[in-house]
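Letters go in sequence order (proteins before strands), and every chain restarts at 1.
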There are 2 protein chains.
Amino acid sequence: MSQPGQATTRGDLVRAAVLGLLGTRGPSSRADIARVLGVSPATVTQVTKDLMARRLVTELESVPSQGGRPARLLGLVDSAGGAIGAKVTADHVRIVSVGLDGTVHASSSVDLDATGARALDDLDEILLEAVRAHEGPLLGVGVGLPGAVDAQASGIVDAPTLGWQRLPVGPRLRQTLQVPVLLDNDVNTLAAAETLYGRGREHEDFIVVTIGRGVGLGIVQHGVVSRGAHGGAGEFGHTPVAGDGPLCGCGNRGCLEGFVGESGLLDAARAAGVVGPRGSLRTLVTAAHAGDPGALGVYADAGALLGRALAGAVHLLDPEVVVLLGEGIDEWPFWESSFDEAFRRHLMPARRGIRWIVEPWSEDQWAVGAASLVLASPFDAVSTGREGELVRARLQISGAP
Amino acid sequence: MSQPGQATTRGDLVRAAVLGLLGTRGPSSRADIARVLGVSPATVTQVTKDLMARRLVTELESVPSQGGRPARLLGLVDSAGGAIGAKVTADHVRIVSVGLDGTVHASSSVDLDATGARALDDLDEILLEAVRAHEGPLLGVGVGLPGAVDAQASGIVDAPTLGWQRLPVGPRLRQTLQVPVLLDNDVNTLAAAETLYGRGREHEDFIVVTIGRGVGLGIVQHGVVSRGAHGGAGEFGHTPVAGDGPLCGCGNRGCLEGFVGESGLLDAARAAGVVGPRGSLRTLVTAAHAGDPGALGVYADAGALLGRALAGAVHLLDPEVVVLLGEGIDEWPFWESSFDEAFRRHLMPARRGIRWIVEPWSEDQWAVGAASLVLASPFDAVSTGREGELVRARLQISGAP
DNA sequence: CGTTCTTTGTTCGGTACTAAATTTAGAAGC
DNA sequence: GCTTCTAAATTTAGTACCGAACAAAGAACG
């Protein structure tokens, strides 16, 4: 049962939301803020008055106006805070330090044997170092992981590929770092980033599909990342697409990932003779670029399979758009035509008009996504829970009452 | 962007929620109400005091207690309101009149050619008659339809099987009936009913799967029915499960529904020689009951296919449980073993423990589901919008300030 | 049989919001 | 160059909620 509109969950939601909005959306007028946040103009006046008194916000120039009193833009005084984002993979951690507006101030990568026994200790240490190195006010740390996280504000992690089972990553990190720590599945962090800085600014309901080592999917409904009962939603890669097939990491056969994930592509390339028995994915990529028909066929088959499976996901979830991302997206031109053909063909007529969008990919994106867990918390009191409160509290330090 | 906790959306959410809770959950103590609704005990005291002054609620007996002050139960004075639920199919409308506690007071079925040109006029008339026949205070009318509804509080309907395209059913009905009208896809209404009276009382995240003419799926996340961008979420029946297959109603081939929906079963039965070229589904059912291996094989194949596809849905949505329902559920024993085998086999290990539950089916259930859109509106200020406000306002009529 | 414990329910002061009316400030019409 | 229109911001009075401290009412224990 949902909770009715409560007055105070401690920490003043609107105040934090205004700061978060000014950070992520840039300077805005009071009236804009009221509209976007869905609060009354009166409240915005009150809150901004207070924030200006505390020197967290200033009034900028007026904008022209189109037939009424000109709007006066408000902006953050300076970087009122930053966040650290970390993406954990099997062999390293990628760390970025970002400002409220999502700009990356620092970026690094540290080796980590995430499958080892000391993995959690090492991660602890690495992140502690990052927190120490961070300059300026730190709102919190966001962590993206290749597994299921019970809740962002908790952080008990199941990650079969790392051999992690109910590992209390969140509690451990909080204890060491002494700042708010939010965790989520890596694909969900990309979805969170997308709601803040990407398609979420135009769409309330969409899905994010990642192509890379595996295939992932993040669900955004009503502007909020949908995580399922145990944080395990979006396991698109293990959609059964065939009764049989290559053995998947999950132990089953016939998973989508077994055909269109990195290893699936490689298997297909070997079977087609495009790549030798010890060849790597790079060989396949260069062959495709060279126009090798076998290589192109591998991608075409994968694209068709992905398109068919994705049609099923679209039927289930009814998103407005599909956003495609991930390390593997550079090779998208090879997937595209067969994907689109299969996708459309298997969609019901009413959905056939749905758009898919390929977003450019950069190395840092996973980690930026993780950081956006922190930066999104002013807007998401539900899933960020107590840690979100702490982040919001940190947004408002400095300045007298 | 979500709205932070607002104070008043007109209509006093908690007051309506308390009444709704006492209706659906039965007599409860103030402390219980506070816990279930997630509001403070102080608020419950205030609100119930007011409701008792208005003679909408009375104090009942005290209950024993287990080690503290005994709880004093509160109950509705009498049926503070009822709702009408209607399920529209291609050839008839099923209508029920239910009390706040979900008990069916009246039930009827009226012929309707929903595919005809006068369909909306006829529906209008039929429901107006039902509203007139309703005794006691009427909170509103809920309508379940075999198609996509843009929003419960709006009601623009796309229903390809009825030939309806962007038909303004909601606006029309509101104009004629002059009571709040909420509409949704029929499977979603079942999911709504389940959150109120069924599994939703124990689980926050689950999915509802219907088996009958087609195959439907309703998604409940965080206690709320998830509808997608255009109200079209849950089109599980059109999941592509094969590259080719029988032509589906949606115009594609290879849809799940084409294999496990009524017509799919019939096709398979004909192909297996269990049923003659002009035979009906009933023949298949009786053959299965008689132990005919061919008939059992038809169901076994369907079960395996459903299990595989449902594993994919579970991977995507991560529900706590799966609830199985629908007209076709009577034959479930024939599906069961092959379904469960395929379902488990295609689930990733972490999900393999998920339970599925078959619920008994009755003729009225669709219509009761529709009515529960109205009865759930005290708990769901978001998706019921303005119509929900009207329902809540109607819950509180009578009695001076 | 008093003391302590546990849970229920109330009182009270405070706060974060709202709606409605008002003021402010420019664009547009004539 | 006055009015009229439109949209932004503020003021004002009010309200729906919360937290914390407290009172009530029985169970459990010596």
**Q** What is the distance from CD of B:E389 to P of C:dT18, rounded to the nearest Å?
**A**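 It works out to 14 Å between those atoms.
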**Q** With A:D205, which residues qualify under salt bridge (charged side-chain N to carboxylate O under 4.0 Å, His left out), at least two apart?
**A**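 Salt bridge (charged side-chain N to carboxylate O under 4.0 Å, His left out) list for A:D205, sorted by chain: empty.
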**Q** Applying salt bridge (charged side-chain N to carboxylate O under 4.0 Å, His left out), can you list everything that pairs with B:E387, at least two apart in sequence or on another chain?
**A**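 Applying salt bridge (charged side-chain N to carboxylate O under 4.0 Å, His left out) to B:E387 gives B:R174.
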**Q** Tell me the interatomic distance from A:E61, atom CD, to C:dG26, atom P, rounded to whole angstroms.
**A**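 Interatomic distance, CD of A:E61 to P of C:dG26: 14 Å.
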**Q** My understanding is that only residues two or more places apart in sequence, or in another chain, count here; which of them pass side-chain contact (heavy atoms from CB on, under 4.5 Å) with A:R201?
**A**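 With sequence neighbours excluded, A:R201 shows a side-chain contact (heavy atoms from CB on, under 4.5 Å) to A:R25, given in chain and number order.
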**Q** Quick one: do B:E202 and B:R199 make a salt bridge, cutoff under 4.0 Å?
**A**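 The answer is yes: the pair qualifies as a salt bridge.
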**Q** Rounding to 10 degrees, work out the angle separating the end axes of the helix from C:dG9-D:dC22 to C:dC30-D:dG1 (five pairs an end).
**A**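 The two end axes of the helix from C:dG9-D:dC22 to C:dC30-D:dG1 meet at 20°.
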**Q** Suppose we screen for side chain to side chain donor-acceptor pair (under 3.5 Å). Which residues come up paired with A:R35, at least two apart in sequence or across chains?
**A**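 A:D32.
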**Q** Would you say C:dC17 has OP1 or OP2 under 4.0 Å from some side-chain N or O of A:T43?
**A**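 Indeed not, no polar side-chain atom of A:T43 lies that close.
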**Q** Looking at residues at least two apart in the chain, or sitting in another chain, which of them share a side-chain contact (heavy atoms from CB on, under 4.5 Å) with B:P378?
**A**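 Residues passing side-chain contact (heavy atoms from CB on, under 4.5 Å) with B:P378: B:A16, B:L395.
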**Q** Atom CG of A:L13 to atom P of C:dA16: distance rounded to whole Å?
**A**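 About 10 Å, once rounded to whole Å.
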**Q** With sequence neighbours excluded, tell me which residues meet salt bridge (charged side-chain N to carboxylate O under 4.0 Å, His left out) with A:D318.
**A**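 Residues passing salt bridge (charged side-chain N to carboxylate O under 4.0 Å, His left out) with A:D318: A:R351.
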**Q** All N/O contacts under 3.5 Å from nucleotides 8-11 of chain D to the protein, with atom names and distances to one decimal?
**A**
| from | atom 1 | to | atom 2 | distance (Å) |
| --- | --- | --- | --- | --- |
| D:dA8 | OP1 | A:R35 | NH2 | 3.4 |
| D:dA8 | O4' | A:R69 | O | 3.2 |
| D:dA9 | OP1 | A:R72 | N | 2.7 |
| D:dA9 | OP1 | A:R72 | O | 3.3 |
| D:dA9 | OP2 | A:R30 | N | 3.2 |
| D:dA9 | OP2 | A:A31 | N | 2.9 |
| D:dT10 | OP2 | A:T45 | OG1 | 3.0 |
| D:dT11 | OP2 | A:K49 | NZ | 3.2 |

**Q** With A:R72, which residues qualify under salt bridge (charged side-chain N to carboxylate O under 4.0 Å, His left out), at least two apart?
**A**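 Residues passing salt bridge (charged side-chain N to carboxylate O under 4.0 Å, His left out) with A:R72: A:E59.
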